[in-house]
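Worksheet: the structure to be examined is printed underneath.
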Amino acid sequence: MSTPFRSGFVALIGRPNVGKSTLMNHLIGQKIAIMSDKPQTTRNRIHGVLTQDEGQVIFLDTPGIHKPHSKLGDFLVKTAQNTLSEVDLILFLVDAAEGIGPGDRYIIHHLKQVKTPVFLVVNKIDLVHPDQLLPLIDQYRQLISFQEIVPISALKGNNAVTLLNLIFKQLPEGPKYYPPEQVTDHPEQFIVAEMIREKVLQLTREEIPHSVAVVIDEMKLRPDKELIDIRATIFTERASQKGVLIGKQGQLLKQIGTRARRECERLLGYRVYLDLWVKVKKDWRNQVQLLRQFGYDE
Ligand code: GDP
Ligand code: MG
Ligand code: K
């Protein structure tokens with residue numbers, strides 16, 4: 001008898017520096033770390049997808065709710081609120097070494113307005129004496145009730161497996177929303193490369209064979225988190241193909257770039273600056289180096 005596959009969406013919230021990223025990295029490890037959007041909903045930033053035999057967890061960030069003084073105002077707060085009511089589970093991370101702060105109260109205020117189950121995840125327990133934990137937990141419990149309370153250290157890994165098991169237990173039976181093979185080391189780069197390739201094929205039709213390859217040379221979020229810079233190279237096998245792709249006065253390449261950029265922005269949830277190049281590379285498929293850049297070998 002096989003146990004049912006469980007899957008669902010889990011929102012991670014907590015004030016800055018509470019350890020959300022650390023927890024994500026610990027749970028997901030090298031397996032995945034993506035930042036592409038779930039296409040159906042706007043602005044729900046996917047931080048990572050964890051796929052195991054027993055199920056799949058899609059972790060979502062909830063932008064806007066972390067900052068009580070966010071200038072983005074109502075809109076983001078509403079979006080965050082919607083996210084919180086749509087997900088299957090909310091992980092509310094708090095800091096074991098600090099008392100309840102204004103940021104925590106602000107989040108609790110929002111949690112009270114949704115019916116979604118909430119786990120209180122008390123992180124950084126490695127920094128406190130166990131005696132300190134219960135009083136803190138009691139304080140939180142007086143403000144709002146929790147489905148589970150899990151003390152962890154995301155940094156050291158204490159109780160991470162326990163937390164994961166409780167998450168799986170909470171999720172409904174469901175499908176694999178994301179194919180495991182999409183889950184590579186750098187899936188966001190893979191997806192962006194595929195999108196650019198798709199635009200090339202759409203705009204050139206039969207002139208360019210499907211052997212055209214796209215490599216993402218660089219993909220970086222700017223420090224102000226306003227824009228993602230993407231530098232990509234389209235490889236063709238012959239010089240004549242390169243000419244076709246670029247087009248008269250670069251018109252076709254420009255068009256490819258514009259369409260690809262728009263789609264990248266939609267998928268990634270950020271503004272994108274796309275720098276597109278075309279190079280000729282014979283037999284690129286045989287070149288291990290390139291395959292590695294494609295992410296097949298890492
Ligand atoms: P985020 O802003 O919520 O994503 O927080 P981060 O994951 O970036 O963590 C903020 C800081 O807290 C980093 O310096 C982490 O190394 C540290 N940190 C995270 N989890 C733990 C923990 O369990 N124990 C300790 N001692 N430090 C932690
Ligand atoms: Mg973080
Ligand atoms: K995103």
Side-chain angles (χ1 to χ4, degrees), residues 9-37 43-50 57-72 76-77 79-81 83-84 87 89-111 118-137 139-140 144 146 148-167 188 220-226 228 268-270:
F9 294 81
V10 176
L12 270 168
I13 60 170
R15 55 191 165 85
N17 285 325
V18 75
K20 297 179 295 295
S21 301
T22 308
L23 177 62
M24 283 276 312
N25 289 342
H26 185 83
L27 292 179
I28 289 175
Q30 287 298 343
K31 282 183 192 162
I32 325 116
I34 77 169
M35 43 177 226
S36 56
D37 255 1
R43 292 187 189 256
N44 288 342
R45 192 153 295 151
I46 292 174
H47 263 194
V49 182
L50 173 71
V57 189
I58 298 117
F59 291 100
L60 298 171
D61 194 11
T62 47
I65 208 157
H66 307 147
K67 282 185 194 149
H69 309 295
S70 164
K71 273 182 265 168
L72 291 170
L76 275 185
V77 172
T79 309
Q81 190 84 55
T83 302
L84 292 182
V87 293
L89 174 65
I90 298 166
L91 300 185
F92 174 31
L93 265 79
V94 301
D95 194 320
E98 291 180 26
I100 303 179
D104 298 308
R105 291 183 192 277
Y106 178 80
I107 290 168
I108 288 171
H109 165 76
H110 283 276
L111 291 179
V118 180
F119 288 3
L120 177 68
V121 179
V122 186
N123 189 32
K124 308 196 185 183
I125 56 167
D126 56 293
L127 295 180
V128 300
H129 191 275
D131 290 348
Q132 284 175 258
L133 271 181
L134 277 182
L136 181 68
I137 288 172
Q139 275 186 293
Y140 277 104
I144 185 171
F146 300 100
E148 300 279 354
I149 295 170
V150 197
I152 64 161
S153 169
L155 193 67
K156 315 266 180 197
N158 307 41
N159 262 351
V161 174
T162 307
L163 174 62
L164 199 54
N165 286 336
L166 288 169
I167 292 172
E188 74 274 20
K220 256 198 193 137
L221 182 62
R222 288 196 187 166
D224 61 6
K225 297 196 163 55
E226 288 296 326
I228 295 179
L268 298 171
Y270 283 98

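Both ligands and their constituent atoms are indexed starting at 1 by order of listing.
Polar contact check, Val18 against ligand 1: a nitrogen or oxygen pair lies under 3.5 Å apart. Geometrically, ligand 1 and Gly19 share a nitrogen or oxygen pair separated by less than 3.5 Å. Taking only nitrogen or oxygen atoms, main chain and side chain alike, Leu127 does not reach within less than 3.5 Å of ligand 1.
The distance from ligand 1 to the heavy atoms of Asn17 drops below 4.0 Å at these ligand atoms: 1 (P), 2 (O), 3 (O), 5 (O), 10 (C), 12 (O). Atoms of ligand 1 lying under 4.0 Å from at least one heavy atom of Lys20, given by number and element, are 1 (P), 2 (O), 3 (O), 4 (O), 5 (O), 7 (O). If you number the atoms of ligand 1 from 1 as listed, the ones under 4.0 Å from a heavy atom of Ser153 come out as 22 (C), 23 (O), 24 (N).
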After noting the C-alpha distance and the side-chain angles of Val150 and Val122, does the key distance pass the side chain to side chain contact (heavy atoms under 4.5 Å, CB included) rule?
CA-CA 6 Å; Val150 197; Val122 186; over 6 Å; no
Apply side chain to side chain contact (heavy atoms under 4.5 Å, CB included) to residues Val10 and Leu91 and explain how you reach the verdict.
CA-CA 7 Å; Val10 176; Leu91 300 185; 3.7 Å; yes
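For the pair Val121/Leu163, a side-chain contact is recorded, criterion being any heavy-atom separation below 4.5 Å from C-beta on.
Only side-chain heavy atoms of Asn123 come within less than 4.0 Å of ligand 1; its backbone N, CA, C and O stay farther off.
When the salt bridge (charged side-chain N to carboxylate O under 4.0 Å, His left out) test is applied to Arg105, no partner is found at least two apart in sequence or on another chain.
Asp126 places no side-chain N or O within 3.5 Å of a backbone atom of Ser153 that could act as its donor or acceptor partner.
The two residues Leu136 and Gly99 have their closest heavy-atom pair at CD1-CA, 4.2 Å.
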